[in-house]
Enquirer: 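To start, I am sharing the structure in question, which I have written as structure tokens.
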Amino acid sequence: MPMPRKGGAPLPKGHRKDVLLRLIKMLFRFYPVLLPVALVCILANAIISSIPQVFMQKVISLVEQTWQSGDWAAVSGPLLGLVATLVVLYVLSLIAGATFSQLMAVITQGSLAKMREKMFNGMQDLPIKYFDTHNHGDVMSYYTNDIDTLRQMISQSLPNFIISGVTIITVLSIMLYFSVWMTLFILLGVFAMVMVTKVVGGRSSRYFVRMQQSIANTESVVEEMMNGQKVIKVFCHEEGAKEDFDRVNDDLFHNAEQANIYANMLMPILNNIGNVLYVFVAVLGGILLMTGAPNLSLSGMAFSISIVVPFLNMTKQFCGSISQVSNQLNMVIMGLAGTQRIFDLIDEKPEKDEGYVTLVNAKENADGSLTECKERTGLWAWKHPHQADGTVTYTRLEGGVVLDDVDFGYNPDKLVLHNISLYAKPGQKIAFVGSTGAGKTTITNLINRFYDIADGKIRYDGININKIKKADLRRSLGMVLQDTNLFTGTVMDNIRYGRLEATDEECMAAAKLAGAHDFITRLPQGYDTPLSGNGANLSQGQRQLLSIARAAVADPPVMILDEATSSIDTHTEAIVQKGMDALMTGRTVFVIAHRLSTVQNSDAIMVLEHGRIIERGTHDQLIAQHGTYYQLYTGALELE
């Protein structure tokens with residue numbers, strides 16, 4: 001079962017602030033001009049939409065005065081001026097609203113594209129350990145579910161939050177300007193709204209964040225079941241798969257149900273509190289008018305109908321803004337939780353690479369020394385700058401590998417390899433034999449520096465591999481993995497993946513060497529046949545042949561064949577073995593195979609057990625010893 005997501009718990013309040021500030025800074029870096037313009041438009045829209053209440057008071061005051069005098073002609077000019085001003089303000093508000101909506105669409109989608117790019121580029125620099133310890137479906141949810149919550153927060157929640165917040169401040173200022181007593185009465189009702197939001201909204205936000213985690217877990221299970229569909233059907237595990245899915249689906253249902261129950265309760269409660277408050281404000285205003293109570297205000301105006309009527313409208317606007325803030329709060333909190341997970345991925349420590357020895361094209365001088373050159377010569381050399389004296393030496397890339405007393409553990413407190421010592425001279429074929437979990441693949445992962453050793457040394461052409469840049473080290477190694485991975489594209493594209501600058505002729509030559517040319521020419525479009533879904537339209541053996549051809553076109557001095565023929569039938573294996581024998585000529589080769597027939601011609605065979613080399617020698621030498629290898633070869637022991 002997939003592990004629960006990291007970061008699924010609700011964020012502490014202080015941490016939410018840090019995440020929000022970091023997000024805002026990042027948005028300003030992405031759009032240093034457009035974002036300030038959008039914010040100005042948002043503020044203008046919020047402020048202008050609140051100001052008409054002031055004009056409303058002036059209009060009612062004029063009407064109130066004229067009603068007593070009856071001189072309507074005298075006030076027609078001021079009234080028309082106020083109405084015209086209101087029309088202009090509403091037009092400006094409309095323009096500001098339309099402008100910020102368009103700008104936020106550009107900013108939101110552009111920011112998401114940049115965030116996805118930042119996430120993906122960062123993932124390319126992560127160590128293999130990250131992908132070995134994180135569920136693939138969980139990683140995919142960063143790009144789908146979390147990005148979507150971020151989109152909703154940037155495009156809707158934050159702008160609405162800002163608009164509502166500015167409206168609250170503006171309306172509160174106007175209310176204090178008109179009447180302190182009525183403002184204090186409204187604030188009592190607002191206090192009740194805040195307490196309701198704290199209780200109901202707090203529970204809703206907790207469940208919304210849990211829902212995010214449940215969605216990720218559900219995606220992980222679906223991805224796992226899709227990849228293992230054949231295994232599920234072979235072992236008739238459909239009912240078990242349904243139970244596994246029902247478990248995470250029920251958890252998602254529970255969290256989503258509770259989140260939406262509380263969220264759907266919040267707005268009706270707040271709206272009704274606002275309605276009740278509206279009635280009470282009207283009653284209070286009537287009482288103050290009837291009793292002739294003195295008014296306390298920042299404006300110094302006496303209490304009148306021209307204050308009560310705008311106050312009723314401002315009560316609606318004020319309570320509506322409070323409700324809007326409360327409603328958006330859940331979306332902001334959920335968006336910040338998704339943003340935090342995105343930042344967690346971006347902040348993952350990249351693969352360390354302190355190497356300074358690089359692989360360069362070289363040409364040989366008359367005296368046998370090597371010189372670096374730009375053009376491809378087919379001769380490669382290690383460029384080794386010596387920090388002590390500032391000199392640079394060039395060592396021919398030959399493919400000699402030495403492991404000297406190497407210890408390694410995936411966890412520091414539990415070693416899986418102990419005292420591994422071996423050497424492979426250039427052009428030698430070294431085979432690893434042993435049961436599953438003996439450490440065969442682990443050794444090849446250390447040569448590639450997918451993981452770093454705990455103790456000992458590994459030397460490549462006499463150079464400690466810790467001094468070699470990882471990209472250059474891996475460029476000098478060809479690898480055929482046990483699990484084939486083909487990418488969306490043509491057959492030719494997948495072969496060229498081994499060396500992007502390879503010509504069509506070189507790719508075809510590699511396919512012929514691997515024994516893949518014949519079946520490729522029988523495909524509907526030959527080398528231009530499109531592949532998708534990890535080469536789902538090819539057999540397992542054909543995918544393996546393409547994987548071998550991909551390694552062959554790279555033309556490296558060292559080849560690692562991790563059970564390269566384990567998925568190929570006997571007839572195809574003979575074809576591949578013939579091609580591989582030609583490919584191995586002049587190269588250092590490390591072979592891991594469960595079929596001992598494929599390693600009999602090795603220069604040395606290492607027999608591993610529980611992370612230790614227990615036997616080593618040629619096929620004939622090990623047979624003569626009558627040890628573990630002899631028992632494996634004669635069938636007395638099983639490899640698995």
Side-chain angles (χ1 to χ4, degrees), residues 124-128 350-365 367-404 423-430 443-453 457-481 495-503 506-507 509-510 513 548-562 583-590:
Q124 303 312 300
D125 296 327
L126 293 180
I128 292 295
E351 190 174 24
K352 289 184 179 180
D353 189 1
E354 298 173 352
Y356 52 87
V357 177
T358 56
L359 190 62
V360 298
N361 285 296
K363 60 182 178 181
E364 189 170 4
N365 300 318
D367 59 358
S369 61
L370 300 176
T371 304
E372 182 180 354
C373 60
K374 293 184 178 180
E375 65 273 11
R376 184 178 177 88
T377 61
L379 176 62
W380 297 89
W382 297 112
K383 182 181 179 181
H384 189 168
H386 297 275
Q387 299 174 347
D389 55 9
T391 60
V392 177
T393 58
Y394 294 90
T395 304
R396 185 189 296 267
L397 173 61
E398 295 181 328
V401 179
V402 176
L403 279 72
D404 185 11
Y423 66 88
K425 294 179 180 179
Q428 283 192 327
K429 179 181 177 182
I430 308 298
I443 292 176
T444 60
N445 285 339
L446 297 182
I447 296 173
N448 260 310
R449 283 198 72 191
F450 288 154
Y451 294 90
D452 286 326
I453 60 178
K457 288 184 179 180
I458 302 177
R459 291 185 175 87
Y460 191 175
D461 288 333
I463 304 170
N464 190 328
I465 63 170
N466 290 333
K467 297 180 180 179
I468 302 175
K469 281 187 175 293
K470 290 184 177 179
D472 293 274
L473 172 67
R474 291 165 187 167
R475 193 149 53 98
S476 71
L477 301 169
M479 192 167 189
V480 179
L481 299 171
I495 297 175
R496 189 176 282 115
Y497 204 88
R499 182 162 56 88
L500 296 179
E501 67 273 16
T503 64
E506 289 173 324
C507 291
L513 193 63
I548 294 169
R550 183 168 58 196
V553 79
D555 195 25
V558 177
M559 291 287 295
I560 298 172
L561 311 178
D562 188 352
L583 177 64
M584 293 177 199
T585 303
R587 290 180 171 84
T588 307
V589 181
F590 294 96

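Everything numeric here is computed off the predicted structure, so don't read it as measured data. Residue numbers count from 1 along this sequence.
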Enquirer: Less than 4.5 Å apart, side chain to side chain, heavy atoms only: is that true for Asp353 and Lys469?
Expert: yes
Enquirer: Donor-acceptor check, side chain of Thr377 to backbone of Ala362, threshold 3.5 angstrom: yes or no?
Expert: yes
Enquirer: Report yes if some heavy atom in the side chain of Met479 is under 4.5 Å from a heavy atom in the side chain of Leu477; otherwise report no.
Expert: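 No, too far: nothing below the 4.5 Å cut-off.
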Enquirer: Do Thr588 side-chain atoms and Gly399 backbone N/O form a donor-acceptor pair below 3.5 Å?
Expert: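 Answer holds: yes.
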Enquirer: Below 4.5 Å, heavy atoms only, C-beta onward: do Tyr460 and Ile447 meet side chain to side chain?
Expert: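 Answer no - side chains too far apart.
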Enquirer: Less than 4.5 Å apart, any side-chain heavy atom of Tyr394 and any of Thr371?
Expert: no
Enquirer: Would the distance check show the side chain of Asn365 and the main-chain N or O of Asp367 forming a donor-acceptor pair, the cut-off being under 3.5 Å?
Expert: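 Not confirmed, Asn365 side chain does not pair with Asp367 backbone.
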Enquirer: Could you check if a side-chain atom of Ile453 sits within less than 4.5 angstrom of a side-chain atom of Leu403, using non-hydrogen atoms only?
Expert: no
Enquirer: Can you list everything that forms a salt bridge (charged side-chain N to carboxylate O under 4.0 Å, His left out) with Arg449? Sequence neighbours excluded, please.
Expert: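 By the salt bridge (charged side-chain N to carboxylate O under 4.0 Å, His left out) rule, Arg449 matches Asp452.
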Enquirer: Does CD in Glu501 sit with more than 12 non-hydrogen atoms of other residues, nucleotides or ligands closer than 6.0 Å?
Expert: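 Correct, the count exceeds 12.
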Enquirer: Compare every heavy atom of Val553 with every heavy atom of Ala502, then report the nearest pair and how far apart it is.
Expert: CB-CG2, 3.7 Å
Enquirer: Shortest non-hydrogen contact from Tyr451 to Leu446?
Expert: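 Smallest interatomic distance, heavy atoms only, reads O-CD2, 3.6 Å.
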Enquirer: Could you check if a side-chain atom of Arg396 sits within less than 4.5 angstrom of a side-chain atom of Trp382, using non-hydrogen atoms only?
Expert: no
Enquirer: Do Asn445 and Ile128 make a side-chain contact, defined as non-hydrogen atoms from C-beta onward lying under 4.5 Å apart?
Expert: no
Enquirer: For Asn448, is there any backbone N or O sitting under 3.5 Å from a side-chain donor or acceptor partner on Arg474?
Expert: yes
Enquirer: My understanding is that only residues two or more places apart in sequence, or in another chain, count here; which of them pass salt bridge (charged side-chain N to carboxylate O under 4.0 Å, His left out) with Glu506?
Expert: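 In terms of salt bridge (charged side-chain N to carboxylate O under 4.0 Å, His left out), with neighbours along the sequence ignored, Glu506 is linked to Arg499.
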